2 protein chains.
Amino acid sequence: MGTLPISDEIEMCFPVFFSLKDWERSQKVADLSTIEEIAKKAGVSRSTVSRVINDDPNVNEQTRERVLEVVNSNNYVPNRAARKLAGGRTGVIGLVIPIGVSRLFVEPFFPILIQSVTNRCNQVNRSVMFWLGEPEYERRSITQILSNDLLDGVIVSSLKDQDPIVAALHRSQIPFVLIGRYRDLPVNFVDIDNEKCAQMAVNYLLQTGRKRIATITGVADTMVSRERLDGYRATLAKAGFKVDDNLIAEGGFVEEGGYAAMAKIFPHKPDAVFATNDAMAVGAIRFLREQGVRVPEDVGVVGFDDAPFAASYKPSLTTIAQPIGDLGRRAVDMLVNVIEQQPNDVMNEIFASDLIIRESA
Amino acid sequence: MGTLPISDEIEMCFPVFFSLKDWERSQKVADLSTIEEIAKKAGVSRSTVSRVINDDPNVNEQTRERVLEVVNSNNYVPNRAARKLAGGRTGVIGLVIPIGVSRLFVEPFFPILIQSVTNRCNQVNRSVMFWLGEPEYERRSITQILSNDLLDGVIVSSLKDQDPIVAALHRSQIPFVLIGRYRDLPVNFVDIDNEKCAQMAVNYLLQTGRKRIATITGVADTMVSRERLDGYRATLAKAGFKVDDNLIAEGGFVEEGGYAAMAKIFPHKPDAVFATNDAMAVGAIRFLREQGVRVPEDVGVVGFDDAPFAASYKPSLTTIAQPIGDLGRRAVDMLVNVIEQQPNDVMNEIFASDLIIRESA
DNA sequence: TCAGATATTGGGAGCGTTCCCATTCTAAAG
DNA sequence: CTTTAGAATGGGAACGCTCCCAATATCTGA
């Protein structure tokens, strides 16, 4: 193994220059761009145009049509900065995901979430402003987000316990919705019932006759990991099994972590593993394979997420399917509602998940 | 309804509704929020504060320090909407990726790109506004992006040929940079040399004695696919081989597509495949395996991207490593430069890539 | 010592909206 | 025919910033 540099002539970083000016001049756009110009052209006042574009009912129907006509034919779109400044809304929603690269691309959760949030925002005519958190995002980013003044509201996913960002958002008065619950403050959130999911997974393994069920947890200090672990413990206990801490290891939600966790657990003779996401399930299976252990015959593996690769993997993964798209969409709807209605009470919504039975357990 | 005990005690999962108002009132933040307030507190004028926060050199050093002191101790951040309206910049950069879900999560290219763009933007104190394109993004999104007025500039990746968005951006006068080149107009872009990459891959296969080298292309109508195919053709021709069109199939950059393409190619007895991304390489290998064909002994496979899974896959993937992070970072730097310097000429930059030799070929 | 720079500072005028209040118009009621 | 509520419209005043120009303070050299 090794790297091969580009063999023949290596050309890096060569700048090329063209002059654009002439071409640009000839292409100049001529749309009317301010509300005042539209007003003049429609023969009404600024205020009336404002009413029309904001769906105020106090406008004569004919006037409305005339204005709309001018608005459309001139491709007029109100200036968001001005709108915001004048006390209105920008139509921009922030999406904050404070995790590092490694998880972002191993876990299918995030692309699906991002996509569903983005799509729903498009549907309800909003733009998404995006933050991926670096480790030290606590420092600058929070204040940036909050004081950003361009955002109507914020959706936050994948928080750690006691994440300062929640308190900051809370204090800031900016409307926000969490994806995943938060226990220290009453906040708006959407979530799945992680304990119940773990219960489904473990119960299924028990039903299929497994006796020594291990679990690979995600990232410490997160609700989601804790809840899944609690569910695992509770279900085993309820079934009359003693929980063996040797059968519990942390995998950080990544494939390598799953592999390593399985290596730690393996000497303690598990006959099944509940990996709390699919990436770690794959890592665990990779380890088991290397040991010559058969899946599911010798050790059954259940994953979590129903990642796109789960169905085509060999063996295909038995896993818990979270309605990620629903979470994202609902978070957007909830946030829009908060922004527009400013309700006094917080809203929560818990989605159901399914156990998808395939080959791995 | 009721008071909310906020103490060191941990509150358990809240049921659905609470009234936040009282609590919020008591927590009201008291930071000064306008430039005028800061000015008053620092004993200077609005203008002087403005100069300080915009690094204008025409400020007395002691005055600057005094103002900065007040700014920092009050967590003052200028209002972006106001700033923009007054003719300044918002510090927000748009990132547009007009592709659907399926590719977004199969191709590691995107998460890495997103991450690198986002990180660099953080570094240079900018926010990222994010668009994932739906199929019909051409319609509304473009005008939204352009007329958005909140963006200082835009980075666009993964365009199709003749993508209307380019012409629209061009016309709009908004600063923008493409990731991947565009031939119909002189525009700013960063890219890799796809032809040369293909050349590296094919040459390597030739060097290892392969005689019937196939290729799996990506998405038709894209520069990147065409260039890689051109490179494939040219290299074979240069080596004195005739190009057999039966050995060329389209895979759409996704795993399933790679599988299907391999199925089409297989009857024509290839002894090697250059898959133009790793996802398709994996798909191809899956097909070959199912046919009982050994990789690399019977058929060698070269991928593209050096996806995170490429190294740990069995067999580990020989692949082309694009400097995706460099592309993203450079795109940001270039855009910032365009925004601030408004140069007359367009800038291009081509990055070198490496062939990473592993087990699959 | 004083004109003439030069360094520093202050304040007015917008930027394009929305909100609020005043005004005009209309139609129904007295 | 006048009165009046209500519908429809117009225009001033913000919102918080940057830009520009004018005003003041300080410094230079003859």
Side-chain angles (χ1 to χ4, degrees), chain A residues 31-68 70-71 74-92 146-152 173 339-340 342, chain B residues 31-68 70-71 74-92 146-152 173 339-340 342:
Chain A
D31 290 341
L32 299 189
S33 55
T34 82
I35 201 174
E36 209 85 47
E37 291 170 314
I38 296 294
K40 199 164 124 202
K41 192 149 188 175
V44 297
S45 75
R46 173 169 38 90
S47 304
T48 300
V49 176
S50 177
R51 286 187 194 98
V52 171
I53 59 183
N54 289 297
D55 287 325
D56 186 314
N58 298 326
V59 182
N60 179 286
E61 207 43 53
Q62 289 155 41
T63 312
R64 180 189 305 280
E65 274 167 32
R66 185 152 35 93
V67 171
L68 239 28
V70 178
V71 164
N74 288 85
N75 283 320
Y76 168 72
V77 180
N79 178 309
R80 300 209 201 203
R83 206 170 220 185
K84 182 68 180 187
L85 193 56
R89 311 246 142 86
T90 57
V92 179
L146 301 183
S147 54
N148 190 19
D149 287 292
L150 293 180
L151 299 177
D152 292 344
Q173 318 264 46
I339 292 169
E340 294 193 334
Q342 305 189 265
Chain B
D31 290 342
L32 300 188
S33 55
T34 82
I35 201 174
E36 210 84 49
E37 292 170 314
I38 296 293
K40 199 165 126 203
K41 192 150 186 174
V44 296
S45 74
R46 174 168 40 88
S47 306
T48 299
V49 176
S50 178
R51 286 186 195 100
V52 170
I53 60 184
N54 288 297
D55 286 326
D56 186 315
N58 297 326
V59 181
N60 180 287
E61 207 41 54
Q62 289 154 40
T63 312
R64 177 188 307 280
E65 273 168 32
R66 185 152 35 92
V67 171
L68 240 28
V70 177
V71 164
N74 288 85
N75 285 320
Y76 168 72
V77 180
N79 178 310
R80 300 210 202 203
R83 207 171 218 180
K84 180 70 180 187
L85 195 55
R89 312 246 143 83
T90 56
V92 179
L146 301 184
S147 54
N148 189 21
D149 287 294
L150 291 180
L151 300 178
D152 292 343
Q173 317 266 44
I339 292 168
E340 295 192 335
Q342 305 190 265

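Quick note: numbers below take in every heavy atom, side chains included, and nothing from hydrogens, waters or symmetry partners. No experiment lies behind these values; they were computed from the predicted model shown. Residue numbering restarts at 1 for every chain, and letters A, B, ... go by the order of the sequence lines.
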I need the [atom1]-[atom2] distance between [X] and [N], as an integer number of Å.
X	N	atom1	atom2	result
B/Lys40	C/dG11	NZ	P	14 Å
A/Asn58	C/dT18	CG	C1'	15 Å
B/Arg51	C/dT9	CZ	C1'	6 Å
A/Glu36	D/dG11	CD	P	9 Å
B/Asn60	D/dA25	CG	P	14 Å
A/Arg83	C/dC19	CZ	C1'	14 Å
A/Asn79	C/dG16	CG	C1'	6 Å
B/Arg64	C/dA7	CZ	P	14 Å

What I'd like to find out is whether the side chain of B/Thr34 reaches to under 4.5 Å of the side chain of B/Asn79, using heavy atoms alone.
no

Are the side chains of A/Ile53 and A/Ile35 in touch, meaning some heavy atoms are under 4.5 Å apart?
yes

Less than 4.0 angstrom between a side-chain N/O of [X] and OP1 or OP2 of [N], yes or no?
X	N	value
A/Ser45	D/dG10	yes
B/Asn54	D/dT18	yes
B/Thr63	C/dT9	yes
A/Ser47	C/dT18	no
B/Ser50	D/dT18	yes
A/Tyr76	C/dT17	yes

Judged by nearest nucleotide, the residue sitting upstream toward the 5' end of DNA chain C, B/Thr48 or B/Leu85, is B/Thr48

Among [options], the nucleotide that comes nearest once only the side chain of [X] is considered:
X	options	result
A/Pro78	D/dG16, C/dT17, D/dG10	C/dT17
B/Arg46	D/dT9, C/dT17, D/dC17	D/dC17
B/Ile35	C/dT9, D/dT18, C/dG16	D/dT18
A/Ala82	C/dT9, C/dG16, D/dG16	C/dG16

Mark yes or no for a side-chain to base donor-acceptor pair under 3.5 Å between B/Arg80 and D/dG16, with no hydrogen or angle criteria applied.
no

Do the side chain of A/Thr90 and the main chain of A/Lys84 share a donor and acceptor less than 3.5 angstrom apart?
no

If only atom types and distance count, is the side chain of A/Arg51 paired as donor or acceptor with the main-chain N or O of A/Arg64 below 3.5 Å?
no

Under 3.5 Å, is there a donor-acceptor pair between the A/Arg83 and A/Asn54 side chains?
yes

